[in-house]
Undergrad: 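Input: one structure, supplied below.
One-based numbering, in listed order, for ligands and for the atoms of each. From a predicted model like this one, the values you see are computed outputs, not experimental measurements. We number each residue from 1, following the sequence as shown.
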Amino acid sequence: MSRVFNFSAGPAVIPDPVMAQIKADLPDWNGIGMSVMEVSHRSKEFIAVAQQAELDFRELLAIPAEYSVLFLQGGATLQFAMAPLNLSSEGQVVDYIQTGSWSKKAIAEARKYCTVNVVADSADRNFTYVPKEATWERSGDSAYLHYCANETIGGVEFPFVPRSDGVPLVCDMSSTILSRPIDVSRFGLIYAGAQKNIGPAGLTLVIVRKDLLGNVRTGTPSLLDYAVYDQSDSMSNTPPVFAWYVAGLVFEYLKNLGGLDSAAMINQRKAMKLYAAIDASEFYSNPVAVEDRSWMNVPFVLRDADLDARFLTESFAANLTNLKGHRSVGGMRASIYNAMPEAGVDALIEFMHGFEKTHG
Ligand SMILES: *Cc1c(COP(=O)(O)O)cnc(C)c1O
């Protein structure tokens, strides 16, 4: 079977040139007679890959020198615990914004370690918008402010970076990192699982301001302490070498594309044409407030939910895969990360028009 247009929310599509490079590198990498999966993480070959990946990631996001970049495991879900364990003391108040399934999970995990103050919540309208900043009820003594920049399931993306008013701003960027430039200096901690917009599952990227390191709670396992990774160049134990190597290839691919300004331009164009097609039809709809719509995850429902199964079978037959919406939302979801070619979005729109003509 040839490559399809894969709209999976994660693990998600990897750019074709990266796939080709992986294929070329297996099983004899750099002429050393072994693949990258089979050499020591402390070998000079792997360390060169690891260092280059970090340099390229720093360059893409223009990460200031006072920030550490860490290559971890455990997914964004483990960060739901690592953030409070590293950045707050026992019983301390922490501020969280709830805009969907992922921030809700982050809140539930933080409640094990902190007193969580939910400063704003969009559950009243089924997580279809970002509450206006002026309505947030911040506590005066929080250790940090946490939000999820892009809710992968609901397709809600913050169109702004919140004001943190002197406390560290903590952000789950799993499904939006590298989709556009960000001002890292506004943040205390950024984390992202790799399997959406970076590379294979198994790797989690963390960007943390160095002055926040070294305050982990007593009794915390070493491997949940950011400082331990910082001091060991993320090699305190064996890192996910293959995922790290592929992430490095993805960073190189993005640099060749022209960096995040170019990526943002393409992403915005892809998203806007898909939303325009949805909005122009009576048959498809997207429930998210227009200004808060995600560039990365586009949920939509059919007017007649009885046609869902048919839409999925016929789109699959047209080589458009993984369009089924999350079970909590229903309908469809097209994840259109960096690696989804614009031609994939065009093909989806054309398919949607045809399906509406036949069944609408
Ligand atoms: C996928 C996702 C997660 C969970 O990631 P894991 O790697 O499975 O732990 C958390 N937050 C967001 C925004 C996500 O998209």
Undergrad: Identify, by atom number and element, the atoms of ligand 1 in contact range of Gly75, meaning under 4.0 Å from any of its heavy atoms.
TA: 7 (O), 9 (O)
Undergrad: Taking all non-hydrogen atoms of both residues into account, name the closest pair between Leu323 and Leu312 and its distance.
TA: C-CD2, 3.8 Å
Undergrad: Before signing off on this row, confirm whether Ala76 and ligand 1 have an N or O atom pair separated by under 3.5 Å.
TA: yes
Undergrad: Under 4.0 Å from any heavy atom of Thr152, which atoms of ligand 1 are there?
TA: 12 (C), 13 (C), 14 (C), 15 (O)
Undergrad: Any side-chain donor paired with an acceptor under 3.5 Å for Glu157 and Thr176?
TA: yes
Undergrad: Closer than 4.0 angstrom: is that true for some heavy atom of Ser174 and an atom of ligand 1?
TA: yes
Undergrad: Starting from atom 11 (N) of ligand 1, find the nearest protein heavy-atom neighbour and note its residue, name and distance.
TA: Asp172 OD2, 2.6 Å
Undergrad: Where's the contact between Lys196 and ligand 1, heavy-atom distance under 4.0 Å: side chain, backbone, both or neither?
TA: side chain
Undergrad: Any idea which atoms of ligand 1 are less than 4.0 Å away from a heavy-atom of Cys148?
TA: 13 (C)
Undergrad: Could you tell me the residue and atom name of the protein heavy atom closest to atom 9 (O) of ligand 1, and the distance to it rounded to 0.1 Å?
TA: Thr77 OG1, 2.5 Å
Undergrad: I want to know if ligand 1 touches Gln195 in the polar sense, i.e. an N/O pair below 3.5 angstrom.
TA: yes
Undergrad: Go through ligand 1 atom by atom and flag the ones less than 4.0 Å from a non-hydrogen atom of Asn150.
TA: 13 (C)
Undergrad: Hydrogens and angles aside, do Asn267 and Tyr337 bring a side-chain donor and acceptor to less than 3.5 Å of each other?
TA: no
Undergrad: Under a 3.5 Å cutoff, is there a donor and acceptor pairing between the side chains of Asp124 and Tyr129?
TA: yes
Undergrad: Answer yes or no: is there a side-chain heavy-atom contact under 4.5 Å between Tyr144 and Leu189?
TA: no
Undergrad: Val206 and Met82: same hydrophobic cluster, using ILVMFWY side-chain contacts below 4.5 Å?
TA: yes
Undergrad: Got a donor-acceptor contact below 3.5 angstrom from the Ser142 side chain to the Leu145 backbone?
TA: no
